[in-house]
Amino acid sequence: RQDLLKLREAWLINRRQQYQVEIKPKELDIVISTACNMACKYCYEGDMKQVPINLDAVNTTVTKLINKFPSISRILFFGGEPLLSMYEIMDLVYHPLIQIKEKHIQTNLTLLNEEIAKFLKFHKFKIGVSLDGKKKHNRLRVFKNDNPSYEKVMKNIELLKKHGLGFGLLSVLHKYNIKFYDAMKWVEEIGAGSIHFNIEWGKYKATPNQMFNFFKQTFEDYVNNDYN
């Protein structure tokens with residue numbers, strides 16, 4: 001019986017070693033703000049309030065993770081709306097033990113100003129802007145008073161360009177923008193470097209056939225035209 005137990009233990013050790021996967025994370029994502037200044041109609045978060053952040057605890061945790069996983073080369077700040085927590089972002093960026101070269105932020109951009117733009121430029125942030133297309137496509141992205149956000153975002157995109165800040169787009173596909181077949185042309189026109197799509201599966205979802213047609217025609221447009 002003892003021999004059988006030893007054989008089983010040896011077999012288990014061999015199996016663990018055989019299937020052991022070395023974890024090498026590349027990115028550390030931080031929800032730096034749980035609150036948001038907007039009330040997008042498809043948002044799954046709802047009207048979340050800001051949860052107080054213990055900066056000492058965050059700094060300690062981030063430092064431990066970076067030390068444990070030296071493979072981490074980039075950090076992403078998102079929320080909520082991360083620009084509501086610029087003090088906390090600055091505290092992390094200036095922390096002497098948190099030296100990560102590549103910094104990203106995903107934002108609705110409505111709170112951008114000159115001071116924030118200069119900070120993002122100085123620290124070489126890569127910026128993702130949440131925007132669902134032209135004005136008629138962006139109707140679900142509204143402020144808490146139900147006012148549209150499109151003009152404010154486009155104004156602040158110009159502020160990004162003024163400071164030489166490149167940006168990419170994150171768009172949610174829904175029934176109001178699913179026929180935006182010239183999306184790639186629009187991406188080039190406003191100066192974005194990339195676009196990523198999320199899919200709305202709730203109240204404002206498009207049909208599977210509409211999504212198929214969107215991706216088919218968008219891909220064909222991209223292949224057949226000389227977009228930068």
Side-chain angles (χ1 to χ4, degrees), residues 26-51 74 76-85 104-112 126-157 160 166-225 227:
K26 299 293 185 182
E27 181 174 289
L28 178 61
D29 296 354
I30 300 178
V31 180
I32 199 70
S33 171
T34 56
C36 186
N37 63 316
M38 291 179 60
C40 299
K41 296 184 183 300
Y42 49 61
C43 184
Y44 60 88
E45 295 286 3
D47 187 21
M48 290 187 66
K49 306 300 182 183
Q50 177 71 342
V51 175
R74 56 184 177 268
L76 168 66
F77 297 102
F78 70 107
E81 172 48 43
L83 295 188
L84 286 169
S85 298
H104 297 242
I105 189 167
Q106 183 63 45
T107 171
N108 63 42
L109 207 66
T110 60
L111 297 173
L112 187 73
K126 295 186 178 182
I127 302 166
V129 178
S130 299
L131 189 63
D132 290 349
K134 299 177 182 178
K135 186 174 183 178
K136 63 181 180 180
H137 305 121
N138 208 58
R139 67 179 74 178
L140 298 178
R141 299 191 58 79
V142 296
F143 291 107
K144 293 185 183 295
N145 60 6
D146 213 38
N147 286 338
S149 63
Y150 179 80
E151 286 84 1
K152 183 65 174 177
V153 177
M154 294 306 297
K155 178 182 177 181
N156 285 342
I157 281 177
L160 290 179
F167 64 97
L169 298 173
L170 178 62
S171 296
V172 176
L173 292 178
H174 47 74
K175 65 181 183 180
Y176 295 121
N177 68 354
I178 199 64
K179 294 184 179 180
F180 187 23
Y181 298 135
D182 59 343
M184 299 310 298
K185 180 181 179 182
W186 169 73
V187 169
E188 185 176 54
E189 287 174 349
I190 68 172
S194 64
I195 185 168
H196 297 267
F197 296 107
N198 283 345
I199 296 174
E200 154 68 357
W201 291 110
K203 179 180 177 181
Y204 302 98
K205 67 181 179 182
T207 67
N209 189 56
Q210 286 175 324
M211 286 189 283
F212 173 81
N213 288 332
F214 173 83
F215 283 114
K216 179 177 180 292
Q217 295 197 41
T218 301
F219 179 74
E220 289 176 351
D221 178 50
Y222 178 77
V223 170
N224 295 329
N225 290 280
Y227 296 121

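Everything quoted here is computed from the prediction, not taken from an experiment.
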Heavy-atom side-chain proximity of [X] to [Y] below 4.5 angstrom:
X    : Y    : result
K41  : D146 : yes
L173 : F180 : no
D29  : Q106 : no

Ion pair E200/K175, N-O distance below 4.0 Å:
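Salt bridge: no.
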
Inspect the contact between K216 and E220 and indicate whether a charged nitrogen and a carboxylate oxygen are less than 4.0 angstrom apart.
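Result for this pair is yes, salt bridge flagged.
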
Verdict with reasoning, E81 to N108, per side chain to side chain donor-acceptor pair (under 3.5 Å)
CA-CA 7 Å; E81 172 48 43; N108 63 42; 3.1 Å; yes

[X], [atom1]: over 12 other non-hydrogen atoms inside 6.0 angstrom:
X    : atom1 : value
F212 : CZ    : no
F219 : CZ    : no
K205 : NZ    : no

Parallel, tilted or perpendicular: ring planes of Y176 versus Y204, cut at 30 and 60 degrees
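Aromatic pair Y176/Y204 classed tilted.
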
Main-chain N/O of L84 paired with S33 side-chain donor or acceptor, under 3.5 Å
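No; judged by distance alone, with no hydrogens or angles, the pair does not exist.
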
Check R141, H174, H137 against D132 for a side-chain hydrogen bond (donor to acceptor under 3.5 Å, both in side chains) and give me the one that passes.
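Of the listed residues R141, H174, H137, the side-chain hydrogen bond (donor to acceptor under 3.5 Å, both in side chains) partner of D132 is H174.
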
